[in-house]
Amino acid sequence: MAWLNDHGVKPFIFDTTVLYSGGRRLGTDALATAERHGFTEEYLECPIVIADGLDGRDVIDLPAGYPHFKTVQVASVLDSTQGFVIFSHFKGHLASGFGGAVKNISMGFASRAQKQRMHADVHPVLNRKKCTRCGICAEICPTGAARIVGEEYPTYDLDLCIGCAQCIAQCPELALKILWGSDVQVFQEKLVETAAAIWHRIEAKTVLINALIKISAECDCLPGKMEIIAPDVGFLGGYHPLSIDAESVNLVGRTTIDSAHPYIDWQRQFDYAREIGFSDTIR
Ligand code: SF4
Ligand code: SF4
């Protein structure tokens, strides 16, 4: 960091807010969680930024034009920053077989609403016991599908609803059910589409590092001690998320990932990237 500062660069480390409750749903909680784990500004020698804002609303929409997503919604830091180093922990994942640079770019930049769209087909399901009738869902709904009249509970017109997930993402009480039930193939396709739309915007100003250490069977967001499925390999650098992930798979071993997640066709990430032309951007 000192070297970067000496060369006139103003580095910072960023994360985005997550869908689920706990220590990272709100930006303030995410910063406190980071500090509890030792990721302080003093230790990192640079600021830590919650890139979609402390309330998760500092977002922009990017054109995508893919079968699942015509647009994708991401943290505004994507456009306001001059360069990125995408640092991804390579590990297993319960819905995509493995998670590497593609998954980190898609979930890491995505707004809460985009995270919901990737995880499942969306429609609001209200839990009245949690709802305070604050009206935020009706205020932010882009189509008027979410409505609240007087002191009544909100209603959601599914004929008008476009499944954008803004209401689920912004409800301060988590009164709208978070849906996790997407098919694993569709989930991977949505990851790839989101990463591709982001990559088109940042490829000229981005380098990638995959950390092939502590390679666990499951995603880092799951609680508890993780089963380690492969010995440490080290760190891998690259200039395209598909090529760095492909090389990471080779180094860790395809059979290692198959053994950890025998029912997931994780190759779908690469195949679908070819189908939508994402692989064409490898130079
Ligand atoms: S944002 Fe949440 S708490 Fe507020 S009215 Fe909508 S569902 Fe209820
Ligand atoms: S998912 Fe989007 S369109 Fe549907 S009710 Fe919620 S905010 Fe409105």
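For ligands, and for the atoms within them, numbers begin at 1 and follow the listed sequence. The first residue in the sequence is number 1, and the count goes up from there.
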Engineer: According to salt bridge (Lys or Arg N to Asp or Glu O under 4.0 Å), does anything in residues 65-87 pair up with another residue at least two apart or in another chain? List the pairs.
Structural biologist: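 Output for this query lists D79-R201.
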
Engineer: Check atom 2 (Fe) of ligand 1 and write out every protein N, O or S atom at under 2.8 Å, as residue and atom.
Structural biologist: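 C171 SG, with waters left out.
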
Engineer: Do me a favour and list the nearest non-hydrogen protein atom to atom 4 (Fe) of ligand 2 with residue, atom name and distance?
Structural biologist: C161 SG, 2.3 Å

Engineer: Can you see which heavy atom on L174 is nearest to which on K130, and at what distance?
Structural biologist: O-CD, 3.5 Å

Engineer: Please name the pair of heavy atoms, one in Q170 and one in I136, separated by the smallest distance, quoted to 0.1 Å.
Structural biologist: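 Between these two residues, the closest heavy atoms are O-CG2, 4.1 Å.
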
Engineer: Under 4.0 Å, heavy-atom basis, I'd like to know which part of Q170 is in contact with ligand 1: side chain, backbone, both or neither.
Structural biologist: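 Neither part.
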
Engineer: Can you tell whether the side chains of D271 and R274 come within less than 4.0 Å, N to carboxylate O?
Structural biologist: yes

Engineer: What protein heavy atom lies closest to atom 1 (S) of ligand 2? Include the residue and the distance to one decimal.
Structural biologist: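 Of every protein heavy atom, A165 N, 3.3 Å lies nearest to atom 1 (S) of ligand 2.
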
Engineer: Could you find the nearest protein heavy atom to atom 2 (Fe) of ligand 2 and give me its residue, atom name and distance?
Structural biologist: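 Result for atom 2 (Fe) of ligand 2: C164 SG, 2.3 Å.
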
Engineer: Nearest to atom 8 (Fe) of ligand 2, what protein heavy atom do you find, and at what distance?
Structural biologist: C141 SG, 2.4 Å

Engineer: Considering heavy atoms of the protein only, find what lies nearest to atom 3 (S) of ligand 2 and give residue, atom and distance to 0.1 Å.
Structural biologist: I162 N, 3.5 Å

Engineer: Looking only at the side chains, is there a donor atom on one of T16 and D52 sitting less than 3.5 Å from an acceptor on the other?
Structural biologist: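 No, because no side-chain N or O of T16 sits under 3.5 Å from a partner of the opposite role on D52.
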
Engineer: Between P124 and ligand 2, which part of the residue brings a heavy atom under 4.0 Å of the ligand: side chain, backbone, both or neither?
Structural biologist: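 Looking at P124 and ligand 2, just side chain atoms fall under 4.0 Å.
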
Engineer: Any donor-acceptor pair under 3.5 Å linking the side-chain atoms of T71 with those of D61?
Structural biologist: no

Engineer: Run the numbers for me: atoms of ligand 2, each under 4.0 Å from some heavy atom of T143, listed by number.
Structural biologist: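 Once the distances to T143 are compared, the set is 3 (S).
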
Engineer: Which ligand 1 atoms are under 4.0 Å away from a heavy-atom of Y156?
Structural biologist: 6 (Fe), 7 (S)

Engineer: What pair of heavy atoms forms the shortest contact from F12 to C46, and how long is it?
Structural biologist: CA-SG, 4.0 Å

Engineer: F278 vs H200 aromatic rings, parallel, tilted or perpendicular, using cut-offs 30° and 60°?
Structural biologist: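 Perpendicular: the ring planes of F278 and H200 meet at over 60°.
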
Engineer: Taking all non-hydrogen atoms of both residues into account, name the closest pair between I50 and G27 and its distance.
Structural biologist: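 That closest heavy-atom pairing would be CG1-O, 3.7 Å.
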
Engineer: Considering only heavy atoms of G135, which atoms of ligand 1 have at least one such atom less than 4.0 Å away?
Structural biologist: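 Atoms satisfying the 4.0 Å criterion: 4 (Fe), 5 (S).
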
Engineer: Search all heavy atoms of I276 against all heavy atoms of P67 and return the closest pair with its distance.
Structural biologist: CG2-CD, 4.5 Å

Engineer: Taking atom types as modelled, find out whether E203 and T281 have a side-chain donor-acceptor pair closer than 3.5 angstrom.
Structural biologist: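 Per modelled atom types, E203 and T281 side chains form no pair under 3.5 Å.
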
